[in-house]
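This is the structure I want to talk about, given as structure tokens.
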Amino acid sequence: MTLASSAQGSGDKMRWESLLSSHRLEFRDGKIRLPEGAPYPTPDGRSPFQIDVDRVIFSSSFRRLQNKTQVHPLSDNDHVHTRLTHTIEVGSVGQSLGLMAGAHIVANLPQGSETTVADIGYMVQAACLAHDIGNPPFGHSGEDAINEWFTTSRIAKEELTSRLTGPELEDLRHFEGNAQGLRIISQLEMKRFDGGLNLTYGTLGSFIKYPRNTSVPDARRKEYTGLKKPGYYQAERDIAFAIARVCGLSPLDGFDGAWRRHPLVYLVEAADDICYSVVDLEDGWELGCVSFEEVERALAPIARHPEKYDGDAEQRWKDLRSEGWYAEKSENDRIGFLRGKAIGNLVKAAVDAFVANEDALLCGTLEGDLLANTPLGPHAKACKKLAVEKIYNAPHVLPIEMAGFEVINGLLDSFVRAAIDIDEHKNHGKRLPPQADRIDKLLSGKLSEAPDLYSRLMRVMDYISGMTDRYAVTLFRKLQGITI
Ligand SMILES: Nc1nc2c(ncn2[C@H]2C[C@H](O)[C@@H](COP(=O)(O)OP(=O)(O)OP(=O)(O)O)O2)c(=O)[nH]1
């Protein structure tokens, strides 16, 4: 029996009334103030979750996604996706998923509930708009670079191991865009270290894709989808516990601070998967990594006649090619047609799977993600496989990712050195080296005002991971004396 299927009985079943909470994360005197009584009414008649959408969109971390890598770092082609265009698309698909699944959820809520279908659309959209907000420069290779530096660099091994606790070290060695995202929306943006964007618990619960900390051993990550990656750091432990408590997430037995996923996480995840499994192929074709025919063969079984789910994929591609109206279109138009149809069909299939598996979602027992539980799952998986084989490791991607690795290593060398020197200075009254002083000023004094070394290092991570690709390269060059 896997962990996913081990929740038993109605005692373990999560309840929509708590999962859709419109109470906001709030702090008083530096501590979380758990909600009491009814949520405050919104001042202007907007849905509380629409306010979440607006707060995420107007945050500076969201704006910086425009110059962060989706797949192709620092591309000269203005037509391929950045994290921002990807995020906007995920928000759009997420809203549709939320509205369609929301119609089913709201129809079955107890009488007197005020949650509307539109609320659920906004809730999923807000979580979608935030889903990549914690991504560092250079995408996944940026995450790898940070983790490798904190595991293998001389400074990390010789100077940090003895100064930090085990869980603190785990946070730094497992930098993860998802955990950083929670930190951004709940701590760093708007009200700094005072509840951040003050989002609703419903949106925060839908955002935490991996409701566990960085200390879960690698060997246990496969036991449940929600354990795959870290979703929060020690610094956000109280916030994660508050989200779990207010939303009523079921605890995962045998773990300290891990819970079953909020059911709407599955819609956020599906929106992300739907978008990138389709458009990464389109971008790959645009940049010459895959041929038009490869993309067409991959998308045709999803775009055409999805009701014939068991049909022969090859035959469906041939049927499509033989249709006169299609054959007359340009390749660009054909890609546009396939994209639109494929996304529409995947959305419908995901909503069907959500409704069919609602009980398992509320019990936290669904195995795998939502798309894997649809008849289109294998075709979506084939799209991802093609992207992994031919696009993510394309010849133009790898050298820039390697350069990104060097950039992040160089920045961490300088900034972590400064954080350690500032800590020594604070603890032993030593003279602050001039470079540490400059770096502290660059971060507006955030390193010297932090209470301890762990907090200083987290602020270094906030600064470096918040950089856009271009800013990281420019700053690195300056620090190396390449451009003054
Ligand atoms: N250049 C490059 N892009 C990648 C690589 N792996 C994934 N990507 C791209 C593909 C997608 O557009 C995007 C997200 O892919 P992932 O499967 O890693 O993310 P997923 O959303 O499942 O991760 P998450 O669970 O949200 O952390 O990043 C890689 O090795 N190289």
- prompt: Cut-off 3.5 Å, side chains only: do D272 and H86 have a donor facing an acceptor?
  reply: yes

Ring pair (Phe, Tyr, Trp, His ring centres under 6.0 Å) between F175 and F150, intermediate numbers included: CA-CA 9 Å; F175 174 87; F150 276 105; 9.0 Å; no

- request: To the nearest 0.5 angstrom, please state how far the CG atom of L457 sits from the CG atom of L164.
  value: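 Here the interatomic distance stands at 6.0 Å.
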
field: Inter- and intrachain pairs under side chain to side chain donor-acceptor pair (under 3.5 Å), touching residues 405-416, at least two apart
entry: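 Matches after skipping sequence neighbours: W149-D413.
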
message: If I take atom CZ from residue R163 and atom CG from residue L453, how far apart are they, to the nearest 0.5 angstrom?
response: 7.0 Å

query: From R154 CZ over to L160 CG, what is the distance, rounded to the nearest 0.5 angstrom?
result: 10.0 Å

message: Do Q435 and R417 make a side-chain contact, defined as non-hydrogen atoms from C-beta onward lying under 4.5 Å apart?
response: no

- request: Consider only side-chain N and O atoms of Q180 and D462, and report whether a donor and an acceptor are under 3.5 Å apart.
  value: yes

task: Compare every heavy atom of A380 with every heavy atom of S277, then report the nearest pair and how far apart it is.
output: CB-O, 4.1 Å

query: Taking the side chain from D359 and the backbone from K13, do they hold a donor-acceptor pair closer than 3.5 Å?
result: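 No: the side chain of D359 does not pair with the backbone of K13.
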
field: Derivation of the side chain to side chain contact (heavy atoms under 4.5 Å, CB included) call for M14 and C247
entry: CA-CA 8 Å; M14 296 179 272; C247 291; over 6 Å; no

task: Check whether more than 12 heavy atoms from other residues, nucleotides or ligands sit under 6.0 Å from atom CZ of R237, and answer yes or no.
output: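 Counting other residues, nucleotides and ligands, CZ of R237 exceeds 12 neighbours.
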
task: Any chance you could measure L361, atom CG, to L366, atom CG, to the nearest 0.5 Å?
output: 5.0 Å

- prompt: Is there a donor-acceptor pair under 3.5 Å between the side chain of R173 and the backbone N or O of T151?
  reply: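 Answer holds: no.
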
message: Taking G177's backbone N and O only, do any of them form a donor-acceptor pair with E143's side chain (distance below 3.5 Å, no angle check)?
response: yes

message: If we ignore hydrogens and angles and just use 3.5 Å, is the side chain of Y454 paired with the main-chain N or O of A235 as donor and acceptor?
response: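 Judged by distance alone, yes, a pair lies under 3.5 Å.
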
query: Looking at F207 and H131, what are the two nearest heavy atoms and their distance?
result: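 Reported closest heavy-atom pair: CE1-CA, 3.9 Å.
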
query: Counting heavy atoms not belonging to F58, are there more than 12 under 6.0 Å from its CZ?
result: no

statement: For T152, the side chain to side chain contact (heavy atoms under 4.5 Å, CB included) test, sequence neighbours excluded, returns E148

field: Residues T87 and D132: side-chain donor-acceptor under 3.5 angstrom
entry: no

Derivation and outcome, side chain to side chain contact (heavy atoms under 4.5 Å, CB included), residues V80 and T85: CA-CA 9 Å; V80 301; T85 33; over 6 Å; no

query: Is it true that the side chains of S141 and D144 contain a donor and an acceptor less than 3.5 Å apart?
result: no

- request: Provide the closest heavy-atom pair for D256 versus Y232 in the form atom of the first, atom of the second, distance.
  value: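 Between these two residues, the closest heavy atoms are O-OH, 4.3 Å.
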
query: Would R221 and Y210 count as a side chain to side chain contact (heavy atoms under 4.5 Å, CB included) if you check the C-alpha gap in whole Å, the side-chain angles of each, and the deciding distance to 0.1 Å?
result: CA-CA 10 Å; R221 288 173 16 181; Y210 304 107; over 6 Å; no

task: Report yes or no: does D469 contribute a side-chain atom to a donor-acceptor pair with the main-chain N or O of T69 at less than 3.5 Å?
output: yes

- prompt: Roughly how far, to the nearest 0.5 Å, is the CG atom of L20 from the CD1 atom of I120?
  reply: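 Going from CD1 on I120 over to CG on L20, the span is 5.0 Å.
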
Min side-chain heavy-atom separation L19-Y201 under 4.5 Å: no

message: Just to verify, what does F241 make a ring-ring contact (aromatic ring centres under 6.0 Å, His included) with, not counting sequence neighbours?
response: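 In terms of ring-ring contact (aromatic ring centres under 6.0 Å, His included), with neighbours along the sequence ignored, F241 is linked to W259.
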
field: Any side-chain heavy-atom pair of D283 and V71 under 4.5 Å
entry: no

field: Non-hydrogen side-chain atoms of T82 and Q70 separated by less than 4.5 Å
entry: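 With C-beta onward as the side chain, the pair stays apart.
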
- prompt: Can you name the residues that form a side-chain hydrogen bond (donor to acceptor under 3.5 Å, both in side chains) with Y276, not counting sequence neighbours?
  reply: none

task: Return the minimal non-hydrogen interatomic distance between S18 and G248, and the atom names on each side.
output: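 It is CB-N, 4.3 Å.
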
message: Would the distance check show the side chain of S448 and the main-chain N or O of G445 forming a donor-acceptor pair, the cut-off being under 3.5 Å?
response: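 Such a contact is found between S448 side chain and G445 backbone.
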
- request: Would you indicate whether the side-chain heavy atoms of V124 and F49 approach each other to under 4.5 Å?
  value: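 SC-SC contact between F49 and V124 ruled out.
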
message: Quick one, T214 and P167 - any side-chain contact, counting heavy atoms below 4.5 Å?
response: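 Contact flag for T214/P167 side chains = no.
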
query: When you look at CZ of R470, are more than 12 heavy atoms from neighbouring residues, nucleotides or ligands closer to it than 6.0 Å?
result: no

message: Tell me whether R64 contacts the main-chain N or O of G466 through its side chain, where contact means a donor paired with an acceptor under 3.5 Å.
response: yes

- request: Work out which heavy atom in S59 is nearest to a heavy atom in I133; give both atom names and the distance.
  value: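 Answer, listing the atom of S59 first, then I133: OG-CD1, 3.8 Å.
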
Check: L371 main-chain N/O paired with T374 side-chain donor or acceptor under 3.5 Å: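 It does hold such a pair.
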
task: First locate atom CG of N147, then atom CG of L172, and finally report the distance between them rounded to the nearest 0.5 Å.
output: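 Output value for this atom pair is 9.5 Å.
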
- prompt: Is there a donor-acceptor contact under 3.5 Å from the side chain of R260 to the main chain of S250?
  reply: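 Absent.
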
message: When you measure from the side chain of K68 to the backbone of N135, do you find a donor-acceptor pair of N or O atoms at a distance under 3.5 Å?
response: yes

task: Would you name the heavy atoms of E401 and Y392 that are closest together and state the gap between them?
output: OE2-O, 4.4 Å

field: Sole candidate of V416, L412, L475 that passes side-chain contact (heavy atoms from CB on, under 4.5 Å) when paired with I464
entry: L412

- request: Would you sort out whether H174 and K229 count as a side chain to side chain contact (heavy atoms under 4.5 Å, CB included), showing the intermediate values?
  value: CA-CA 9 Å; H174 293 93; K229 294 178 181 179; over 6 Å; no

Side-chain polar contacts of residues 24-38 - donor-acceptor pairs under 3.5 angstrom, sequence neighbours left out - could you list them?
residue: R24; atom: NH1; partner: D52; partner atom: OD1; Å: 2.7
residue: R24; atom: NH1; partner: N198; partner atom: O; Å: 2.9
residue: R24; atom: NH2; partner: P48; partner atom: O; Å: 2.8

message: Within the structure provided, determine whether I146 and M461 are in side-chain contact (heavy-atom separation under 4.5 Å).
response: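 Side-chain contact under 4.5 Å: yes.
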
field: Heavy-atom side-chain contact between L267 and L370 under 4.5 Å
entry: yes

- request: Would you list the pairs meeting salt bridge (Lys or Arg N to Asp or Glu O under 4.0 Å) in which at least one residue belongs to residues 426-438, sequence neighbours left out?
  value: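 Sorted result for residues 426-438: E424-K430, D437-K441.
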
